[in-house]
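First listed ligand is number 1; within each ligand, the first listed atom is number 1.
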Amino acid sequence: MTKRLVSTPKKDGFRMPGEFEKHEKTWMIWPEKADNWRYCAKPVQKVFIQVAKEISKFEPVVVCASSLQYQNALKSLGNNIQVIEMSSDDMWIRDTGPAFLVDDKGNLRAVDWEFNAWGGLEYGLYSSWDKDNQIAKKICELENIDLYKIDDFVLEGGSIHVDGEGTCIVTQACLLHKGRNPHLSKNEIDQNLKNFLNVEKIIWLENGIYLDETDEHVDNILHFIAPATVVLAWTDDKNDPQYEMSKKAFDLLSSQKDSKGREFKIHKLYLPNPPITVTEEEAMGCDLVKEEIPKKKGDRQAASYANFLIVNGGVILPIFNVKEDKIAVETLQKVLPNHKIVTINSREILLGGGNIHCITQQQPLKVTKK
Ligand code: KQY
C-alpha cells in the first residue's frame, strides 16, 4: 500500500531523473472535456491515438480513461497500449501526474504536488479540479510506490525541467504567479524545489512562451536534452514580443553555470514565424461554459517545438505544418543524433492549450548503482 512520507527526497536520497534517462513507461490521459476540445474531443482523440501509438513503438504506454470513454479508448488504441479506468478533469498529466523519483538502490517514489488548475478559482483555467488533484496519488497506488506531499504547495510538472544531476529550471512568471503560492516567498519556493526534487540549483528564467495559458510553463520554452544542454525556443524577429522573452532566457543561461559548475550548451529551436493563429474553422465546436472565453479566429497560439517528449531512443516532436517544422527536425536530429525524431501535426492539441510534453508523463526505469 502507498505510504505518504513525512521526510523529503533530499534527506532520503531520491532524485527526479532527467527525461533523457531511460523510462519504464509513459502515462497519458484520454481527452474528452467538451468545453476544451472541439466536437466532443473527437479530432483531438485522433491525434492522441497517433501520439500514444508512436510512443508505444519505443516504450510501454498506459492510458487513463474515464468510465464513459473506457471502451472507446480501449478499442481505438489497439492491443499494444494498456488502458485503465481513472476519472480526471482533463488530459494534462504532465501537470497532474506524479513527479517520479529514483534512488541508486533500484527504488521508485514520487512527489504529489498540489494542483489548482493553473491558478485556482480566480486565475485558473477551470472551476473544478478535484479529480485532477487525485491523479498522482491514484497512479502511485497502482504502481505501489510511496509518495511525498507538501501541504499547500501548488506546482505543475510542466513548470519544472530537471537534468537529474542537481539543476532545475523554472520561470518566475509561472512560479511566482499569485494564483499558485501567494503565501510563499521566492526563497521558500526555491527551498521547496531543492528539498522535493533533490537539486542544488534552481535557475529562474523570467518568462516562457508569449500568451501561454499556463502563465508560461518552462516546458514550452526549453527542454533539457542532456546534462548542461538545452534546446531553447527562439525567434530572430525583434518585433515579436517573444524575442525579448527568449533573449533574456538565452542571456541568463549563458551567464549561469549548472549545479556542477558546467556552462550550458544552448541550441536555438526556431519557432513558427509568423506565429500560429486559430483559423475560423478551428474556433468552432467547443461546448460553451460560464468560466471560459472561447477562442476566436486570429488568436495567437503558444506553439513551440520545445514541447516534445523524449522517449527511449526517440523524440515525439510536435509540428504545425509550417516551414519551420523542417528546421526543428534538423536541429533536434543534430543535437540528438542517436534518437529517431518522430513528428506529429499537433495543432489539435495546441488548440486546447498545450502540446505533446503537456499530455505525457514518463515513469523512469529503476536504477541500481553499485
Ligand atoms: O500544461 C498545459 N499546457 C496545460 C494547459 C491547460 C489549458 C486549458 N485550456
Side-chain angles (χ1 to χ4, degrees), residues 19 26-41 43-44 47-48 51 88-99 113-129 131-133 135-136 154-161 169-171 173-175 177 179-180 207-223 233 271 276 278 282-283 285-296 299-309 316 318 320 344 346-362:
E19 189 179 308
T26 285
W27 291 83
M28 299 177 75
I29 299 174
W30 182 259
E32 64 172 291
K33 187 173 162 49
D35 55 37
N36 197 53
W37 304 108
R38 61 195 186 122
Y39 302 116
C40 292
V44 78
V47 183
F48 180 98
V51 174
S88 66
D89 296 295
D90 203 351
M91 76 185 305
W92 309 104
I93 198 164
R94 174 64 51 192
D95 296 339
T96 58
W113 314 107
E114 190 63 25
F115 177 76
N116 74 352
W118 310 274
L121 281 181
E122 194 170 356
Y123 304 101
L125 299 177
Y126 40 77
S127 57
S128 164
W129 54 84
K131 298 189 198 85
D132 273 358
N133 203 17
I135 284 170
V154 173
L155 193 94
E156 301 105 39
S159 70
I160 51 170
H161 249 307
I169 309 181
V170 300
T171 69
C174 177
L175 268 69
H177 190 280
R180 290 185 176 75
N207 299 107
I209 293 288
Y210 183 59
L211 297 182
D212 188 321
E213 289 186 44
T214 63
D215 310 310
E216 304 172 27
H217 271 181
V218 73
D219 73 342
N220 213 18
I221 188 168
L222 66 69
H223 213 120
L271 289 157
I276 306 289
V278 176
E282 285 172 337
C286 279
D287 283 2
L288 300 176
V289 283
K290 199 166 62 198
E291 67 271 15
E292 222 172 305
I293 306 158
K295 289 200 167 151
K296 309 182 299 302
D299 282 352
R300 177 169 173 167
Q301 302 291 280
S304 165
Y305 298 104
N307 208 306
F308 56 81
L309 177 73
I316 314 297
F320 309 103
I344 292 180
S346 67
R347 278 188 79 108
E348 209 57 52
I349 308 174
L350 181 66
L351 284 174
N355 224 311
I356 292 173
H357 196 251
C358 311
I359 64 160
T360 50
Q361 181 66 253
Q362 72 282 354

Taking only residues two or more places apart in sequence or in another chain, which ones pass side-chain contact (heavy atoms from CB on, under 4.5 Å) with Ala283? Val278
I'd like to know if Glu114 pairs up with Arg180 as an ion pair, taking the criterion as any Lys NZ or Arg NE/NH1/NH2 lying under 4.0 Å from an Asp or Glu carboxylate oxygen. no
What residues form a salt bridge (Lys or Arg N to Asp or Glu O under 4.0 Å) with Glu216, not counting sequence neighbours? none
Ligand 1: protein residues within heavy-atom distance under 4.0 Å: Asn36, Trp92, Asp95, Trp118, Leu125, Glu213, Thr214, His217, Gly352, Gly353, Gly354, Cys358
Partners passing side-chain contact (heavy atoms from CB on, under 4.5 Å) against Ser88 (at least two apart in sequence or in another chain): Ile29, Asp132, Ile135
For the OH atom on Tyr210, are there more than 12 heavy atoms of other groups (residues, nucleotides or ligands in this structure) within a distance under 6.0 Å? no
Indicate the ring-plane relationship of His223 and Phe308, choosing parallel, tilted or perpendicular according to the 30° and 60° boundaries. parallel
